[in-house]
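Read the structure below first, then the notes.
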There are 2 protein chains.
Amino acid sequence: MHRSRADGLATIQDVADRAGVSRAAVSKVIRNAYGVSPGMRERASAAIDELGYRPRTYARALRGSSFTIGVEMPTLSNPFLSMIVEGATSELEGTRYRLIAAPAAPGGVEGEREIEALVDRQVDGLMAISPVVSKSWLEGQARHTPIVMVGRHDQTSAYDTVTGDDIVGATLVMDHLLTLGHRRIAHLTLREEATAPSVASPHGKRLLTYVRSMADAGLEEHIRVSRLGPGDDDAYEHAMELVRSEHPPTAIFVGSDVFALDVLRALDDAGLSSTEVSVVGYDGISLTAHPRISLTTVEQDGRMLGAHAARLLLERIGGRTEPAHVKLEPRLVIRGSTSKPLRT
Amino acid sequence: MHRSRADGLATIQDVADRAGVSRAAVSKVIRNAYGVSPGMRERASAAIDELGYRPRTYARALRGSSFTIGVEMPTLSNPFLSMIVEGATSELEGTRYRLIAAPAAPGGVEGEREIEALVDRQVDGLMAISPVVSKSWLEGQARHTPIVMVGRHDQTSAYDTVTGDDIVGATLVMDHLLTLGHRRIAHLTLREEATAPSVASPHGKRLLTYVRSMADAGLEEHIRVSRLGPGDDDAYEHAMELVRSEHPPTAIFVGSDVFALDVLRALDDAGLSSTEVSVVGYDGISLTAHPRISLTTVEQDGRMLGAHAARLLLERIGGRTEPAHVKLEPRLVIRGSTSKPLRT
DNA sequence: CAGCATTGTACAACTCGCGGT
DNA sequence: CACCGCGAGTTGTACAATGCT
């Protein structure tokens, strides 16, 4: 005899007892599987409603899928990453799949721990936005879980990638600044591990393009790369340092919008207007369009990136085995934060 | 005979075979349970490392806990909510628990679907930040899963709450504006369902306090409540409408910072400076401190809210049954967006 | 004996109490 | 007594087997 649980959560057995049918029959009803009479469906459905029964995904996952897509992200407080996740969530709307996000702990950086936690939770697909996890480790994970890496340009057949074209984007920035007449252009980017060539990270590509553009323009001597540490207010500090140095740059190409906001704040505090120091960001978060900010930036369609990523995962889950690499074209949006340099 | 799996994911049985011990023994080793000899621990650990074994949480959850805390949130793109989640993530650091976030699909509003999805995934604790889910429904869920509601002032013993004191906060705002000499003060808040008295939502409390303060100051005739719809650019539109009306307000108390940013944008576009229309936000997202924005706001410690919420959940999981209701004091931060009205 | 609907039962991966050496 | 393993239990799936017209 089956005893109903104390905590009020009905099991499939409770439903079966109530409807006077077998567990298997109820299982078929909830899965819309073949071989159920209208009468049986009727009785089972009634019992399900009465008991408020919901199948547990973890028990389900034991035999098959969890219908869960996991997203590993380094932080929740970058609006651009939020847009990517929103795009993915929208794409999954209407499917049986649900998205869960596992943000890295503030201060922590790696992302491996979060990915492992998601794998432990048996996600059917994994979306990774971490710039630092090693490619070979990811390839290992991809042996058992479909993975799509967002942002990084990894050359691999083990998992899919969705990226913006960072070379095109950064070239747009540099051409814009050079055309305006800037020569002392600095670049603000992430810490070393996040731009290493081994991980083909977006920031690494932007940095590389910056260096190349400067060299091509004969401005090697003016190359100046400032790297962020783990601190919260780091971009602010670095910008201050730059503009207060002996030969301050007339323009700063910042690796991402969130840091560019801090740079603008530093310039304001230093009493410098955008005609004195131009600033360009990257990503195109909505705030850049705010009249008070008006930041020239490279706009990437974050929602589209996320939607593509989700679609690729569903395809992989559906059986695709050939790798897919999607690359989206960014566009430069010129706003008030850039202008001709006063002095060269 | 046990056959190793094709996908490369080792099970506890694989480990047991490899180490030449029983499944139960391996289980004890990974749980640090009582009754394992050093030799056994040694051999089991070695086998675990060699196979790269990781216990699956879903199989574990079948018997006990999933060591997962679920967070339901209406959107990822409100930085204040991100701070709450970050605070919770930090608090869980060092415990066996992991946090996963389930954002509602953009456009969708309810939050019930997300909570159900998390319950289906057998979270050990649930943090809800949705203003609209009904209290009684939540109480039902709380019968089987510990819940902490963040933001809402629900009077219930079924689950815990962590809130800012919205009455104090909104009173600070109104006193500030009234002291400056404002009389035509408008309030911008959420749609009707999100401020209904039945759900003791933060925005409802702020609205209520606004109305009460206006009445207390003898300004009933100037009460003007503008409600947001589901549209993206709604706050902007509403602000435009307000300032272009026949008797425009001299101050706008906006229910949250993210919308206040849109209001500022509208004022800029309408050519109105902050001396002409004062604006106050709520929450204290970091951007309000940016010199370009300089928004007067009520600052709540989002990280602290999240940390408290996580701690309360761990306590409930640990066995506490008496309800806990934490209320944090907010503080008013006066910045450039508010000033004396030019004309009254 | 088709041709259905329905049930029995073997899993899946792990935990844990109890009994055995 | 300290250590170790058996086996039942956890929920749902899927396939084989049964029952019924």
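Chain letters run A, B, ... following the sequence lines, proteins first, then strands; residues in each count from 1.
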Q) When you check the phosphate oxygens OP1 and OP2 of D/dG12, does a side-chain N or O of A/Arg56 lie under 4.0 Å from one of them? A) yes
Q) Under the salt bridge (charged side-chain N to carboxylate O under 4.0 Å, His left out) test, which residues partner A/Arg18, sequence neighbours left out? A) A/Glu50
Q. Does B/Leu62 or B/Arg41 map to a spot on DNA chain D nearer the 5' end, using the closest nucleotide for each?
A. B/Arg41
Q.
Near DNA chain C, counting only heavy atoms under 4.0 Å, which residues of residues 21-40 of chain B show up?
A. B/Arg23, B/Ala24, B/Ser27, B/Ile30, B/Arg31
**Q.** B/Ser66: partners by side-chain hydrogen bond (donor to acceptor under 3.5 Å, both in side chains), with sequence neighbours left out
**A.** B/Asp124
Q: Give the rounded distance in Å between these two atoms: OH of A/Tyr58 and P of D/dT13.
A: 12 Å
**Q.** Atom pair distance, as rounded to whole Å: CZ in B/Arg60 and C1' in C/dA12
**A.** 16 Å
Q: Could you list the residues that satisfy salt bridge (charged side-chain N to carboxylate O under 4.0 Å, His left out) with B/Glu114, not counting sequence neighbours?
A: A/Arg98
(Q) Expressed as a whole number of angstroms, how long is the span from A/Ile12:CD1 to D/dT10:P? (A) 15 Å
**Q.** Test side-chain hydrogen bond (donor to acceptor under 3.5 Å, both in side chains) applied to A/Ser136 - qualifying residues, sequence neighbours left out
**A.** A/Ser134
Q: Hey, could you give me the OG1/NE2 distance between B/Thr163 and B/His308, rounded to the nearest 0.5 Å?
A: 11.0 Å
Q.
When you measure only distances, ignoring hydrogens and angles, does the side chain of B/Arg63 come within 3.5 Å of the base of C/dT15 through a donor and an acceptor?
A. yes
Q | Contacts of type salt bridge (charged side-chain N to carboxylate O under 4.0 Å, His left out), residue B/Glu42, not counting sequence neighbours | A | none
(Q) Between P on D/dG5 and CZ on B/Arg43, what's the gap in Å once rounded to a whole number? (A) 8 Å
